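Note that ligands are numbered from 1 as they come in the structure, with each ligand's atoms numbered from 1 the same way. Heads up: numbering here begins at 1 and tracks the sequence. All of these numbers come straight from a predicted model, not from anything done at the bench.
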Amino acid sequence: MAKPILLSVDDDSDVLRAIELDLRSQYGAEYRVIGSDSPERALDLLRQLKVRNDSVALLLADQRMPHMDGVEFLQQAMAIFPAAKRALLTAYADTNAAISAINEAGIHYFFMKPWDPPTEHLYPQLDDLLDDWRASFRPTFQGIRVLGTRWSPRSYELRDFLARNHVPYQWIDVELSASDPETKRLLEALGSEASSLPVVLFPDGTKLLESVPAKVAQKVGLRTRAQTSFYDLAIVGGGPAGLAAAVYGASEGLHTVMIEREAPGGQAGMSSRIENYLGFPSGLSGADLARRAVVQAQRFGVEILAQEAVGVRREDSYRIIKMADANEISCHALMIATGVQWKRLEAPGVDRLQGAGIYYGGGATEALSCKGEVVYVVGGANSAGQAAMNFAKYAERVVILVRGTSLSSTMSQYLIDQVQKTPNIQLWTHASVAEAHGEAHLEELSILCSDTGKVERVPANAMFIFIGALPRTDWLADVVQRDERGFLLTGPDLLHDGQRPSAWALDRDPFLLETNVPGIFAVGDVRHGSIKRVASGVGEGSVAVQFIHQYLSKV
Ligand SMILES: Cc1cc2nc3c(=O)[nH]c(=O)nc-3n(C[C@H](O)[C@H](O)[C@H](O)COP(=O)(O)OP(=O)(O)OC[C@H]3O[C@@H](n4cnc5c(N)ncnc54)[C@H](O)[C@@H]3O)c2cc1C
C-alpha cells in the first residue's frame with residue numbers, strides 16, 4: 001500500500017525545508033512527506049493525488065502567504081481531502097487569527113514558529129493528530145479504476161474486456177454513485193476530463209480518457225506486438241482449441257505465438273459452469289479453465305498477443321498473418337481456432353440498444369448489476385440455461401424466452417433439472433422478441449406469443465441473447481476453403497470423388513485437421529463438422545500438433 005501523505009505548504013523556502021526535514025526524520029518510515037512553496041500548486045497537487053486515490057493524512061500550511069493565506073488554503077484543501085488533519089504554522093503575531101480559524105474554519109491545530117525543539121513543540125501534537133486520523137482511516141483501493149455508466153456500450157465493452165482478461169479493477173458508475181461524496185470529489189478533481197467516459201485511472205497516476213480495450217491492453221501489459229517476426233507455429237484464436245494447441249505445441253518445442261482479439265478462453269470463458277469437462281466432477285467456470293490454461297501455456301513459453309488477425313497469405317513455405325494494426329508475422333504452420341460468434345437477433349431496437357441493456361453471451365460483468373431486477377434470457381440451448389442459472393443468483397427473476405414448446409430438444413437434461421428446481425427462473429415458451437424499446441437503454445420488450453398471436457409489452461432492463469453462433473471467417477475467404485456457412489473444410493471434407501483440392505501440390509492427402517492450404521490447420525468450433533464442445537476443441541487442438549510435426553518435418 002502507498003504511504004499516506006503529509007503535505008506542508010510555505011512560501012518561505014527555508015521554513016519549508018526545515019519543516020520537511022523534521023517531518024521526514026520523525027514520520028518518514030510510515031508517511032510520505034511532500035512540500036510545496038505555493039498554495040495554488042499545492043491545490044493542483046492535491047487534485048492529482050485524489051485522482052490517483054492516494055491518502056492525505058496531514059495538511060500543514062503557513063498562515064502568511066502572498067496570494068492565499070493558510071486558512072483559505074486549508075479550507076479549499078478540505079473540499080478535496082476532508083478527512084486530512086489540518087494545521088497552521090503561525091508567527092506569534094497571528095495567534096488570534098489562528099485561534100479564530102480553529103473555531104470557525106475547521107482547523108485542528110496551530111503551531112508557533114519556530115517549533116524548536118520539535119520533540120516538545122511539534123511531534124507530541126502531531127502524534128495526537130495522526131493517531132486520530134489513523135483511527136478512522138480506511139485504506140483506499142490501489143488498483144485500476146474504471147469510471148463510466150452502466151448503460152454505455154463502451155463502458156460495458158471495456159469492463160467485459162478487463163474481466164475476461166482477469167485484470168482486477170474497481171468499477172465506479174458515475175451516475176449511480178452521483179450522491180456519493182467521495183465520487184463527487186473525484187469527479188471535481190478530474191474537472192472537464194470526467195466527461196470523457198469511460199475514464200480509466202491507473203495506480204501510477206496516469207489516465208486514459210474515452211478508453212478503448214486496445215489502449216488499456218497496452219497499458220496493463222497485455223502484449224499487442226510480437227516479439228519476433230517468425231514462429232514455428234502461429235495460432236489464431238485463444239479458446240479451448242487454440243489454448244490446447246498452444247500448450248501442446250510449445251511443450252513439444254515449437255516456438256509458438258497465440259493471437260487472441262478479445263480474451264483467452266473464447267466462448268468457454270463466458271460459461272458460468274462447465275459441468276461435463278473430464279476431471280472436474282463438480283464443474284468449473286469457463287473463466288477458471290481459461291486462467292489455468294493461460295498460465296500453463298505461458299509456462300511453456302507461448303507468446304500471447306492481444307490482437308485481431310485480419311488477413312492471411314502464403315509465400316513459399318511461409319504463412320503470413322496480417323494484424324489489425326497492420327503488423328505482420330510469419331510462420332511455418334498456422335492454426336485457425338477462431339470458434340464461432342453469436343448470431344444476431346433480428347428485431348427492431350436490438351442493434352441500437354446492444355451494450356445498453358442488451359447483450360450477446362454471458363455478460364459475466366453484468367450479472368451483479370442485475371441484482372434485484374428481472375432478466376430476460378433468449379434461447380433454449382445449454383449456454384442459455386447456464387446463464388439463467390448464473391443470473392438467478394442475483395436477479396429477482398429470470399425469464400427464459402424460447403420459440404418452441406419446451407427445452408427438452410435443445411438443453412441437456414441435467415440443466416433442465418436445475419432450471420426447474422430454481423424458483424426464480426420462469427420459462428416462457430412460444431415466445432420471440434418482436435421489438436426492444438428504450439431511449440438511452442433498454443426499458444421494455446415486445447414479445448410475440450406464437451400460440452395466441454398476441455404481442456405483450458413488458459418492462460425490461462436486461463436481455464441476454466443466446467441464439468446460436470456462426471464463424472467469422474471472411475478474412476480467410478480468398479485463401480482457405482469454407483462451407484456455405486463459413487466453417488472451414490479440413491481433411492476428408494476436402495476430397496471430392498477421391499480428388500484432392502485444386503492447387504494442392506503435395507503427394508499426400510490433406511491431414512485430418514489440415515485445410516486446402518498445406519500447413520494451415522483448423523480446429524474447434526470453426527471447423528466444418530466439429531462437435532461444439534470444450535473437450536472436443538481441446539482434443540482437436542492437441543491432436544493437430546501431431547500433424548504439424550509431420551508437416552514441419554517435410555518443409
Ligand atoms: C455460454 C456458453 C456455455 C457453454 N457451455 C459448455 C459446456 O458446459 N460444455 C461444453 O463442452 N461446451 C460448452 N460450450 C461450448 C464451448 O464453449 C465451445 O464449443 C468451445 O469454446 C469452442 O472452442 P474453440 O476454441 O473452438 O472456439 P471459441 O471458444 O469460440 O474461441 C475462439 C476464440 O478466437 C478468437 N478469435 C476469433 N476470431 C479472431 C481473429 N480474427 N483474431 C484473433 N482472435 C480471434 C475469439 O475471440 C475467441 O476467443 C459453451 C458455450 C457457451 C457460449
* To do: Pick, from Gly524, Pro240, Gly537, the option with the minimum heavy-atom distance to atom 23 (O) of ligand 1.
  => Pro240
* Any Asn276 heavy atom less than 4.0 Å from ligand 1 -> yes
* Quick one: which of Arg225, Arg313, Lys322 gives a salt bridge (charged side-chain N to carboxylate O under 4.0 Å, His left out) with Glu328? -> Arg313
* To do: Between Gln267, Glu260, Arg533, Gln386, flag the one that comes closest to atom 6 (C) of ligand 1 by a heavy atom.
  => Gln386
* Heavy-atom contact under 4.0 Å between Ala263 and ligand 1? -> yes
* Close approach of Arg472 to ligand 1, heavy atoms, under 4.0 angstrom -> no
* Asked: In terms of atom number and element, which parts of ligand 1 are under 4.0 angstrom from non-hydrogen atoms of Ser383?
  -> 1 (C), 2 (C), 3 (C), 52 (C)
* Structure fact -> ring-ring contact (aromatic ring centres under 6.0 Å, His included) test vs Phe391 passes for just one of Tyr359, Phe464, Tyr376, namely Phe464
* Can you tell me if Asn382 has a non-hydrogen atom under 4.0 Å from ligand 1? -> no
* Using distance alone, with no hydrogens and no angle criterion, decide if Thr473 and Arg482 have a side-chain donor and acceptor under 3.5 Å apart. => yes
* Can you sort out which atoms of ligand 1 are near Gln341, meaning under 4.0 Å from one of its heavy atoms? => 37 (C)
* So, Lys219 and Asp204, do they make that salt bridge, N to O below 4.0 Å? -> yes
* Asked: Heavy-atom contacts under 4.0 Å between Val310 and ligand 1: side chain, backbone, both, or neither?
  -> neither
* Any heavy atom of Arg527 sitting closer than 4.0 Å to ligand 1? -> no
* Between Phe466 and Trp342, what is the ring plane arrangement, given parallel below 30°, perpendicular above 60°, and tilted in between? -> perpendicular
* **Region of Ala387 that comes within reach of ligand 1 [heavy atoms, distance under 4.0 Å]** => neither
* Classify the ring geometry between His332 and Tyr318 as parallel (under 30°), tilted (30 to 60°) or perpendicular (over 60°). => parallel
* **Close-contact set for ligand 1 against Ala337 heavy atoms, below 4.0 Å** => 32 (C), 33 (C), 34 (O)
* **Between Asp525 and Gln267, a side-chain donor and acceptor under 3.5 Å** => yes
* **Stacked cation flag Lys207 on Phe202, 6.0 angstrom / 45 deg** => no
* Would you check if Val534 and Leu289 make a side-chain contact, meaning some heavy-atom pair closer than 4.5 Å? => yes
* Asked: Is any side-chain heavy atom of Ser542 closer than 4.5 Å to a side-chain heavy atom of Val523?
  -> no
* Asked: Which ligand 1 atoms does Gln307 reach within 4.0 Å, using its non-hydrogen atoms?
  -> 43 (C)
* **N or O contact, Val236 vs ligand 1, cut-off under 3.5 Å** => no
* Structure fact -> A student checking ligand 1 against Gly339 at a 4.0 Å heavy-atom cut-off should list atoms 27 (O), 28 (P), 30 (O), 32 (C)
* Asked: Would you say Glu540 touches ligand 1, if touching means a heavy atom closer than 4.0 Å?
  -> no
* Asked: When you measure from atom 53 (C) of ligand 1 to each heavy atom in Trp342, Phe466, Tyr360, Tyr277, which option holds the nearest one?
  -> Trp342
* To do: Using a strict 4.0 Å cut-off to heavy atoms of Val340, name the atoms of ligand 1 that fall inside it.
  => 30 (O)
* To do: Using a strict 4.0 Å cut-off to heavy atoms of Ile259, name the atoms of ligand 1 that fall inside it.
  => 43 (C), 44 (N)
* To do: Determine whether Met463 and Leu442 make a side-chain contact, defined as any pair of heavy atoms from C-beta on separated by less than 4.5 Å.
  => yes
* For Tyr414 and ligand 1, does the shortest N/O to N/O distance drop below 3.5 Å? -> no
* Asked: Is it the case that Arg527 and Thr490 place a side-chain donor and acceptor less than 3.5 Å from each other?
  -> yes
* **Validation row: Phe230, Val257 side chains within 4.5 angstrom (heavy atoms)** => no
* **Atoms of ligand 1, numbered as shown, that sit under 4.0 Å from any heavy atom of Gly238** => 33 (C), 34 (O)
